[in-house]
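Throughout, protein chains are lettered first and strands after them, A, B, ... in sequence-line order, and every chain is numbered starting at 1.
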Amino acid sequence: MAGTGIHPYLQQWAPAATAPPPPPPSVASTVPLPPPIVIDNTARSASDEVRTIFITGLPEDVKERELLNLLRWLPGYEASQVNFKGEKPMGFALFSTAQLAIAAKDALQEMVFDVESKSVLHTEMAKKNLFIKRGIVADSSTYDQSKRLRTGGDYTHSGYTSPSPFHPPPAHIWGPHGFMAPPPPYDPYGGYPVPPVPMPAPSPVPAPNNYVPVQNAKDNPPCNTLFIGNLGENINEEELRGLFSVQPGFKQMKILRQERHTVCFIEFEDINSATNVHHSLQGAVIPSSGSVGMRIQYSKNPFGKRKDASHHVAAPGSNGALPAMTYQ
DNA sequence: AGCACA
């Protein structure tokens, strides 16, 4: 049959077409935040956790809408706001859980927000949560853009369904099932106005079902190749390949089995694609890796560049002295 | 922390 020609995008945002995620432990159906996650926040009640991130590095002419449109894709996104301290914009974004806030923070960390103004985002957890006014934005007379708070798109808290078949969500930001942290208690199709596109593939890709913060102290300069470490000993190569090969810009990957550490290298078409995945899958946990989150770094030796650059090439013909063997 | 292949 025609089961083979699956459009890459369709796979990506086809989270639960025929294989819905394992139902969360059947609690009361309306509990808002039930993370059955690894992190042991058990000491603190999840209610007073800071789940807001603080964003600096935005260009001075940033529009609140710009930030919103970036953030609204991130899982758990609830609201955001830009305040100006002098002319320095400070962004705040509220997420549904602390963990999703951390995930978002990591995903945005060092992101190039605008190339022309060379703005690079820096993110931290906020000191306190963004306060959401209930009801509608109050002051419509002043129309002070810098202080507006909006509740954002409704994509995220309703899952990964795309707003439109023609406009798939930027999977390069969050990966196919990227940071699918706690399966939120939602009905994938409930309340969603459009019937989902008929999904040909059940669940070809074992997706990361979790995400764990990962300390990535050292990294190498950005390049088109990612180095993936911390994969756990029993990592399944198929699963790895399935995850990465659907990422936008993917070219090839090489899995390297070492004694205890399996690592892998993934080449992308360009640095940008690599960077997106670097952020989107950092700390992602895929089933066969156990409970550890993968560590993603830029490769020391990108594909297509030889490791040994001992022969520093002078500009051809720059000095008349030709080396011995230069014919051909 | 573990970085190969062209």
Nearest-Å distance for atom pair [atom1]/[atom2], residues [X] and [N]:
{"X": "R257(A)", "N": "dC5(B)", "atom1": "CZ", "atom2": "P", "answer": "16 Å"}
{"X": "Q297(A)", "N": "dG2(B)", "atom1": "CD", "atom2": "C1'", "answer": "9 Å"}
{"X": "L231(A)", "N": "dA1(B)", "atom1": "CG", "atom2": "C1'", "answer": "12 Å"}
{"X": "I235(A)", "N": "dG2(B)", "atom1": "CD1", "atom2": "P", "answer": "19 Å"}
{"X": "N224(A)", "N": "dC3(B)", "atom1": "CG", "atom2": "C1'", "answer": "14 Å"}
{"X": "F227(A)", "N": "dA1(B)", "atom1": "CZ", "atom2": "P", "answer": "11 Å"}
{"X": "L226(A)", "N": "dA4(B)", "atom1": "CG", "atom2": "P", "answer": "16 Å"}
{"X": "M294(A)", "N": "dC3(B)", "atom1": "CE", "atom2": "P", "answer": "18 Å"}

Salt-bridge criterion met for K254(A) and E267(A) (N-O under 4.0 Å):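 A salt bridge is absent here (no side-chain N lies under 4.0 Å from a carboxylate O).
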Can you tell whether the side chains of K88(A) and E60(A) come within less than 4.0 Å, N to carboxylate O?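 The answer is yes: the pair qualifies as a salt bridge.
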Considering only side-chain heavy atoms of F265(A), which listed nucleotide, dC5(B), dG2(B), dC3(B), is closest?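 For the F265(A) side chain, the nearest candidate turns out to be dC3(B).
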N230(A) side chain, from C-beta outward: closest of dA1(B), dA4(B), dG2(B):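 Of the candidates, dA1(B) comes closest.
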In terms of ring plane angle, is the pair F95(A) and Y77(A) parallel, tilted or perpendicular, where the classes change at 30° and 60°?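 Perpendicular, since the angle between the ring planes exceeds 60°.
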Could a donor-acceptor pair under 3.5 angstrom be found where the side chain of R295(A) meets the base of dG2(B)?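 Indeed there is one.
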Would you indicate what T262(A) reaches in the nucleic acid, counting non-hydrogen atoms under 4.0 angstrom: base, sugar-phosphate, or nothing?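 The residue T262(A) makes no contact with any strand.
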Residues two or more places apart in sequence or in another chain: which of them pass salt bridge (charged side-chain N to carboxylate O under 4.0 Å, His left out) with E66(A)?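 Salt bridge (charged side-chain N to carboxylate O under 4.0 Å, His left out) list for E66(A), sorted by chain: empty.
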For Q252(A) and G229(A), find the nucleotide of DNA chain B closest to each by heavy atoms; which residue's nucleotide sits nearer the 5' end?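 First, find each residue's nearest nucleotide; the 5'-ward one identifies G229(A).
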